[in-house]
Amino acid sequence: MSLSQRTGWEVSGFTDTLVKKMRAFDTYGSWKKLDDTQVLSRYVKSREDRKKIDTSGTVDIQTVWQIRMFYEAVAMLTEQNIGKLCYAALDLGYEGFGRAFVIYEDYILCCDTLRNAHKFAFASIEELAAAGETKTLKACEKAAEMGII
């Protein structure tokens, strides 16, 4: 039995939602010729590549943007599933430590502690999709527990 059959929530479109969020910020059309896999490849780094990233300086603005887009996609998919307006908030210090939230009104549906944000990446697109879908599912379950839906 699939997840949507068990819960009624459709979270398998996480990567599609993330691509839509990222393309919405492509104001100059520089990604127009890229397919979705190429757009998502920004999130994929091997273990060796992550080891090479220096964590002593400030977090790269591109990395902060990628983290924000990831959690905004979680919020957007959660919003679609519960039918209530959700948004993402990111509190990230320059050293790479902070928190990411998915919020509905006064309720925190998802709260993740971020450490070493410099190295925010996944081993594959499948791992990226699984992480986003898991966070979305947990946010939807939290909304159900709180009686929001």
Side-chain angles (χ1 to χ4, degrees), residues 2-4 6-27 31 36-149:
S2 73
L3 176 67
S4 59
R6 282 187 289 130
T7 62
W9 295 317
E10 186 61 49
V11 298
S12 62
F14 179 77
T15 53
D16 295 334
T17 305
L18 181 58
V19 168
K20 286 177 190 174
K21 292 292 291 180
M22 292 177 73
R23 287 191 188 275
F25 284 88
D26 182 25
T27 54
W31 297 344
D36 293 350
T37 306
Q38 291 171 316
V39 172
L40 291 174
S41 67
R42 301 169 171 270
Y43 286 94
V44 178
K45 290 187 177 109
S46 69
R47 186 178 197 122
E48 292 77 31
D49 290 342
R50 280 188 270 176
K51 284 182 181 179
K52 293 176 186 175
I53 297 172
D54 182 28
T55 59
S56 62
T58 60
V59 182
D60 180 36
I61 195 163
Q62 187 69 22
T63 304
V64 173
W65 181 78
Q66 288 174 342
I67 295 169
R68 181 174 301 283
M69 288 297 102
F70 178 83
Y71 283 97
E72 283 187 15
V74 171
M76 186 175 176
L77 203 53
T78 302
E79 179 180 325
Q80 290 172 359
N81 283 300
I82 68 173
K84 307 285 184 181
L85 181 64
C86 298
Y87 65 93
L90 182 64
D91 178 28
L92 187 63
Y94 67 93
E95 293 178 329
F97 297 96
R99 290 181 183 251
F101 302 96
V102 173
I103 301 169
Y104 162 71
E105 288 185 356
D106 294 338
Y107 303 102
I108 297 174
L109 302 178
C110 174
C111 176
D112 287 342
T113 302
L114 299 171
R115 295 178 46 186
N116 289 332
H118 304 77
K119 298 182 180 189
F120 186 82
F122 299 91
S124 66
I125 292 177
E126 291 78 19
E127 187 180 310
L128 166 68
E133 290 168 7
T134 301
K135 290 183 187 317
T136 302
L137 179 61
K138 287 184 179 183
C140 292
E141 288 173 348
K142 186 82 160 189
E145 283 175 21
M146 293 179 171
I148 296 170
I149 54 174

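Values below: all heavy atoms of this structure, side chains included; hydrogens, waters and symmetry mates excluded.
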Parallel under 30°, tilted from 30 to 60°, perpendicular over 60°: which one fits the rings of Phe120 and Tyr71? tilted
- Query: With under 30° as parallel and over 60° as perpendicular, where do the rings of Phe122 and Tyr43 fit, or are they tilted in between?
  - Reply: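 Phe122 vs Tyr43 ring planes: tilted.
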Rounded at 0.5 Å granularity, tell me how far [atom1] in [X] sits from [atom2] in [Y].
X	Y	atom1	atom2	value
Arg50	Thr55	CZ	OG1	13.5 Å
Lys21	Asp16	NZ	CG	14.5 Å
Arg23	Asp36	CZ	CG	5.0 Å
Ile125	Leu40	CD1	CG	5.0 Å
Ile103	Leu85	CD1	CG	11.5 Å
Met69	Gln66	CE	CD	10.0 Å

Taking all non-hydrogen atoms of both residues, which atom of [X] and which atom of [Y] are closest, and how far apart?
X	Y	result
Ile148	Lys84	O-CE, 3.5 Å
Ala100	Leu114	CB-CD1, 4.1 Å
His118	Thr63	O-CG2, 4.1 Å
Leu92	Ala117	CD1-CB, 3.8 Å
Gly93	Val59	O-CG2, 4.2 Å
Cys86	Leu109	SG-CD1, 3.9 Å

Inset, instruction - Would you please test Val44 and Leu128 for side-chain contact (heavy atoms from CB on, under 4.5 Å) and show each step? - result: CA-CA 8 Å; Val44 178; Leu128 166 68; 5.7 Å; no
For the [atom1] atom on [X], are there more than 12 heavy atoms of other groups (residues, nucleotides or ligands in this structure) within a distance under 6.0 Å?
X	atom1	result
Lys138	NZ	no
Phe97	CZ	yes
Lys142	NZ	no
Arg115	CZ	no

The test is side-chain contact (heavy atoms from CB on, under 4.5 Å); show your working for Tyr104 and Met146 and say whether it passes.
CA-CA 11 Å; Tyr104 162 71; Met146 293 179 171; over 6 Å; no
| request: Carefully, step by step, assess Ile53 and Asn116 under the rule side-chain contact (heavy atoms from CB on, under 4.5 Å). | output: CA-CA 10 Å; Ile53 297 172; Asn116 289 332; over 6 Å; no
Side-chain contact test, heavy atoms from C-beta onward, threshold under 4.5 Å: evaluate it for Thr136 versus Val102 and give yes or no.
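Sidechains of Val102 and Thr136: no contact.
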Practice prompt. Report the C-alpha separation of Phe14 and Val74 in whole Å, then their side-chain angles, then the decisive distance to 0.1 Å, and conclude whether the side-chain contact (heavy atoms from CB on, under 4.5 Å) test is met.
Written response: CA-CA 7 Å; Phe14 179 77; Val74 171; 3.6 Å; yes
